[in-house]
Amino acid sequence: MSEQEIKVPDLGGADEVEIIDVLVSVGDSVEAEDSILTVETDKASVDLPSPGAGKITKLSVKVGDKVKEGDVVAMMVAGGASDDDSSDEPEDKAESESGSEAQSEPEESKPAPKKKSGGSRKETVLVPPLDGMEDVPVIEINVAEGDTIEVDEPLVTVESDKASMEIPSPYAGKVVKILVAEGDKLSEGDKLLELTVVDDGNEEDEESEAKSEAPATDSSEGSKPEPKVEKQSQKEPEAQSQSSTYEPPSPGAKVHAGPAVRKLARELGADMTRIKGSGPKSRILKDDVNSYVKHQLQQTQQGSVGATSGSGIPAVKLPDFSKFGDIEKEPMSRMMAVTATNMQRSWLNVPHVTQFEDADITDMEAFRKSQKTAGEKKGVKMTPLPFILKACATALAELPQFNVSLDLERKEVVRKKYIHIGIAVDTPNGLMVPVIRDVDQKGLWDLAAESAELAQKARDKELKPADMQGACFTITSLGGIGGTAFTPIVNTPEVAILGVSRAAMKPVWDGGEFQPRLMLPLSLSYDHRAVNGADAARFTSLLSQLLGDIRTLLL
Ligand code: CAO
């Protein structure tokens, strides 16, 4: 097939333009109009398209070169890209390789066989011309002994003062021995590695193809493929945009990485501008990409404690606190980490609104105190909590829109016919929420005994997972500690939570004069998707009414 020149087309009046990106490599199959390279004029960057379908046989330019209309930038052999692809289909080669691997040793010393059936031979890959450079250090070895590789797969990366290049394999085959190490200095003709090359029965075609791809190749002396100058594909931003967990790349951020690493990052949808390179001059290596992706996955699974929240929200950046004074670091307890994840999940998922109300518990407190002796006999302490539990159970029964969970995936509201209420317990190990079942069916003494028992179990780390499951609603009482109001976070998938603050004597206008009344501050946070504001006000008013006259709890 005859070679065709790919020339710079009319540049819309621009004289000389700089190549900012080379989008193909020797050996790549392209379709008509596929972008070959990107140039930048004063006004815009422009992609130069391929004049037809075929295979790139030569690249005469690199990033940074200046070109003008009519300059030849590459050569190609015409032909349908898909047809071409089928001739070097990796699967075909892999198949023939596995079928002939056992024969590789006896075939090794023989000249390359001219036969249609598969066979194998050993090749030594040599360093190709390096743009006139010598003694260029190897900064990365991209393959390992035993790897099965494809034609054009990068073998090693070398880096000069000006550019980094990957030396591609002229053959498909298996890496037998790597003859260089990182840091070695290479010049044209140096031995790179030994390969067992598999013949797939189409050797003549393959040879002529290999020659056009790598003119210096000589199977008896070793091969000299064209090195690939580092390039960045156009498709990268597209791959990155697939993941909403990444911040947009910082404009102008310079990324140092070879094509194989860029390819890997593209395949994994990793934003290279966010990856820290561990190679020389902060060059990004394959391991860096893999570690970054692993880290991102872990954060997503843990509910986002890292670079982003999993909702595209940038993480809080921590300063070096030790600059300001002595510090000490300790790992988070498991409970703290789990609570953090749950809180953040609820906070990010639920549109929260908090409704405030005061309940006049003067009479309730008088009654509660009157029960002190009875409580001592029973060995149970009656605090305000059982009254609040009972009042909440009544309110949940009367306003069942609070006793639901939302299944947004199925667009369903799950209505619960039972009333189980969680109570937040402050323990030395963190917050725990044991659940009291069927609160509506239990008396005040039972509720007092059960809440005290569960709170003790929580503090003694004796709660079982089942003790903390199944709540419809949660009460978090800070009344024993203090405060006038707070905005609790809904314990999803419940849709509401009642915060209780410390009761205080307040002057309350009775229509004729101010009366000293013991007022209990209530803070009801709710999921505004499930509950509307009017219902929330009804709920807290009802609570206030029930606690204001506890006889109504019996009705
Ligand atoms: N106003 C005034 N006094 C109150 C009160 C209120 N709202 N609630 C309780 N008290 C009093 C009690 O009557 C008791 O006083 P006496 O000893 O004089 O009788 C004292 O405060 C201590 O009560 P308690 O806290 O031991 O008992 P409780 O039934 O009220 O609460 C429990 C039990 C488990 C809810 C509570 O101990 C607890 O852990 N609270 C913290 C919950 C929490 O951390 N929530 C935050 C979650 S979000 O971070």
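Counting starts at 1 for both ligands and their atoms, following the listed order.
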Examine the proximity of ligand 1 to [X] and report which part, side chain or backbone, both or neither, has a heavy atom under 4.0 Å away.
| X | answer |
| --- | --- |
| Ile423 | neither |
| Leu431 | side chain |
| Leu520 | side chain |
| Met519 | neither |
| Pro488 | neither |

Plane angle bin for Phe402 and Tyr526 - parallel if under 30°, tilted between 30 and 60°, otherwise perpendicular: perpendicular
Has the side chain of [X] got a donor or acceptor atom that lies under 3.5 Å from a matching backbone atom of [Y]?
| X | Y | answer |
| --- | --- | --- |
| Lys390 | Val439 | yes |
| Ser333 | Met336 | yes |
| Asp407 | Arg410 | yes |
| Asn403 | Lys416 | yes |
| Ser346 | Val490 | yes |
| Glu145 | Ile178 | yes |
| Ser544 | Asp358 | yes |

Of all the non-hydrogen atoms in the protein, which one sits nearest to [atom], and at what distance?
| atom | result |
| --- | --- |
| atom 15 (O) of ligand 1 | Lys381 NZ, 4.4 Å |
| atom 24 (P) of ligand 1 | Thr383 CG2, 4.7 Å |
| atom 31 (O) of ligand 1 | Leu385 CD2, 4.2 Å |
| atom 46 (C) of ligand 1 | Thr476 OG1, 3.0 Å |
| atom 40 (N) of ligand 1 | Ser477 O, 2.9 Å |
| atom 38 (C) of ligand 1 | Arg459 NH2, 3.7 Å |
| atom 6 (C) of ligand 1 | Gly479 CA, 3.3 Å |
| atom 32 (C) of ligand 1 | Ala424 O, 4.4 Å |

Ser501 heavy atom under 4.0 Å from ligand 1: yes
Those atoms of ligand 1 less than 4.0 Å from some heavy atom in Val425: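 Taking each heavy atom of Val425 in turn, ligand 1 has 34 (C), 39 (O) under 4.0 Å.
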Leu478: numbered ligand 1 atoms lying under 4.0 Å from its heavy atoms: 43 (C), 44 (O), 45 (N), 46 (C)
Among Asp510, Thr362, Asp360, side chain to side chain donor-acceptor pair (under 3.5 Å) partner for Gln515: Asp510
Nearest protein heavy atom under 4.0 Å from atom 26 (O) of ligand 1, yes or no: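 No, there is none.
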Nearest protein heavy atom under 4.0 Å from atom 1 (N) of ligand 1, yes or no: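 There is a protein heavy atom less than 4.0 Å from atom 1 (N) of ligand 1.
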Over 12 non-hydrogen atoms of neighbours within 6.0 angstrom of CE in Met335: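 It does: Met335 CE has more than 12 such atoms within range.
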Of the listed options Gly480, Gly482, Ala504, closest to atom 11 (C) of ligand 1 (non-hydrogen atoms):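 Checking each option, the heavy atom nearest atom 11 (C) of ligand 1 is found in Gly480.
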SB check Lys464 Asp467 (cutoff 4.0 Å): no
Heteroatom proximity flag, Ala503 to ligand 1, N/O under 3.5 Å: yes
Side chains of Gln545 and Thr552, donor plus acceptor under 3.5 Å: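 No - no donor-acceptor pair under 3.5 Å links their side chains.
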